[in-house]
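Values below: every heavy atom of this structure, side chains too, minus hydrogens, waters and symmetry copies.
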Amino acid sequence: MMPSASALSGTTIWLTRPAGQVGSLRAALESHGARVETLPLLVIEPLPLTTSERQKLIDLDRYDLLFFVSTNAATLGLDAIAQWWPQYPVGILNFAVGPGTAAVLEQRGLTAHYPRERMTSEALMALPELRDVSGKKALIVRGVGGREIIAEGLRAGGALVDYLELYRRAAPQYDGKYLRKLMREAAPSAIVISSADALDNLHLLFGGLPGWEQLPLLASSPRLGEHAKALGFQSIALVEGATDAAIISGLLSLLGHGASA
């Protein structure tokens, strides 16, 4: 049975990814009849390369393992690499945290290793290609800060680890009147959340408004679900991953009505 074109009719979905990263998901949800509101909860600010980071790029062929922790890291990282390496250096194993990040690498003609079931740092470190990293040199491409699971796992296995931090995550600025109007005129059936930073910013923006605890969240991992509970959110559903397909499937399962053969 396939979902009908009106399976999400009457629902309002808030998408919270950074601006420019919701086009395909929005179109797919609208094709199922949903009303879609975009409320970016993260601003990605690219950072200029430091002397140290430029040297890491120049010496890229000295690394054995290269990790991209997000689609932003993959996009900005590959752009930076291309400035120094018109032809990608051979012999590097490339890793991504999930299929969305892997797709960015694959679009550039690179092979990406990534977890196929759970899209987490822990699942990434369980890949067979990372069972023996002793003596390997690894570079983790990411934004400023973030979880240390990958680096800790690599170092525990005897690898040498460097970071290439190419961007900063910032909280967006929204007028309180706009947020109250959005709540009043486009109350969400579900708010799609795929990062802890976005979740924190949602709490920062709406935490002072009446009824914020009941905002209906659709979180892309159990870890995000637990984080939402800790912040005080009370209406939380989970989907298996942050890909468009996983989110659409989750929303159809949670909110969909009607199907056709």
Side-chain angles (χ1 to χ4, degrees), residues 2-45 70-72 100 169-260:
M2 296 293 292
S4 72
S6 60
L8 294 176
S9 178
T11 67
T12 299
I13 313 299
W14 289 8
L15 301 182
T16 63
R17 291 175 180 169
Q21 297 184 18
V22 298
S24 60
L25 179 56
R26 176 173 192 156
L29 293 173
E30 289 177 340
S31 75
H32 288 298
R35 173 183 177 179
V36 178
E37 296 287 340
T38 57
L39 185 74
L41 291 177
L42 276 180
V43 177
I44 302 300
E45 300 178 344
S70 68
T71 57
N72 293 305
R169 307 168 195 85
Q173 301 297 314
Y174 291 105
D175 180 81
K177 291 182 180 179
Y178 169 75
L179 296 177
R180 287 189 291 272
K181 181 180 179 182
L182 190 64
M183 286 273 282
R184 184 174 63 252
E185 299 182 1
S189 307
I191 303 174
V192 179
I193 297 289
S194 54
S195 81
D197 290 313
L199 183 56
D200 288 337
N201 290 337
L202 180 72
H203 182 255
L204 179 66
L205 291 169
F206 287 89
L209 300 183
W212 70 269
E213 303 95 333
Q214 295 303 322
L215 286 171
L217 306 186
L218 189 75
S220 63
S221 73
R223 180 176 64 87
L224 282 177
E226 289 302 316
H227 187 44
K229 288 180 183 178
L231 289 173
F233 290 97
Q234 299 175 10
S235 179
I236 306 162
L238 299 179
V239 290
E240 294 296 325
T243 64
D244 287 0
I247 291 168
I248 292 165
S249 177
L251 286 168
L252 287 169
S253 177
L254 182 67
L255 304 172
H257 54 83
S260 61

Discussion item. Any heavy-atom pair between the side chains of His203 and Phe233 that's under 4.5 Å?
Written reply: yes
Practice prompt. Evaluate the side-chain proximity of Leu39 to Leu179: yes if any heavy-atom separation is below 4.5 Å, no if none is.
Written response: yes
Item to complete: May I ask you to test the Val192-Val239 pair for a side-chain heavy-atom distance under 4.5 Å?
Response: no
Discussion item. Tell me whether Gln214 at atom CD has more than 12 heavy atoms from other residues, nucleotides or ligands lying less than 6.0 Å away.
Written reply: yes
Worksheet item: Any side-chain heavy atom of His32 within less than 4.5 Å of one from Leu251?
Response: no
Worksheet item: Is the side chain of Trp14 donor-acceptor paired with the backbone N or O of Ala186 at a distance under 3.5 Å, no angle test?
Response: yes
Worksheet item: Within a strict 4.5 Å, meaning less than it, do heavy atoms of the Ile193 and Leu41 side chains meet?
Response: yes
Discussion item. Just verifying a value: how many Å separate Leu15 CG and Leu25 CG, rounded to the nearest 0.5 Å?
Written reply: 5.0 Å
Discussion item. Check Arg17 with Asp244, please: is the shortest side-chain N to carboxylate O separation under 4.0 Å?
Written reply: yes
Worksheet item: Do the side chains of Leu202 and Leu217 get nearer than 4.5 Å, heavy atoms only?
Response: yes
Response to the item:
Shortest non-hydrogen pair, Ala34 vs Ile13, comes out as CB-CG1, 4.0 Å
Worksheet item: Got a second to check how far Arg169's CZ is from Glu45's CD, nearest 0.5 Å?
Response: 11.5 Å
Item to complete: Mind listing the closest non-hydrogen atom pair of Ser194 and Leu224 along with its distance?
Response: C-CD1, 3.5 Å
Discussion item. Once rounded to the nearest 0.5 Å, what's the spacing between atom CG of Leu215 and atom CD of Gln234?
Written reply: 10.5 Å
Worksheet item: Would you say Ser189's side chain and Thr12's backbone share a donor-acceptor pair under 3.5 angstrom?
Response: yes
Worksheet item: To the nearest 0.5 Å, what is the distance between OH (Tyr174) and CG (Asn201)?
Response: 9.5 Å
Discussion item. Using every non-hydrogen atom in the two residues, find where Ala219 and Gly225 come nearest and quote the distance to one decimal.
Written reply: CB-N, 4.0 Å
Discussion item. Out of the candidates Thr16, Leu204, Val43, only one should pair with Pro172 under the side-chain contact (heavy atoms from CB on, under 4.5 Å) rule; please name it.
Written reply: Val43
Practice prompt. Could you tell me whether the side chain of Ser253 and the main chain of Gly250 form a donor-acceptor pair under 3.5 Å?
Written response: no
Item to complete: Using a 4.5 Å cut-off on heavy atoms from C-beta on, say whether the side chain of His227 contacts that of Asp200.
Response: yes
Worksheet item: CG/Leu218 to CD1/Ile236 distance, rounded to the nearest 0.5 angstrom?
Response: 11.0 Å
Worksheet entry | Distance (rounded to the nearest 0.5 Å) between Asp175 CG and Leu182 CG | 12.0 Å
Practice prompt. May I ask you to decide whether Glu226 forms a salt bridge with Lys229, counting only side-chain N to carboxylate O separations under 4.0 Å?
Written response: yes
Discussion item. Quick check: do Arg180 and Met183 have side-chain heavy atoms less than 4.5 Å from each other?
Written reply: no
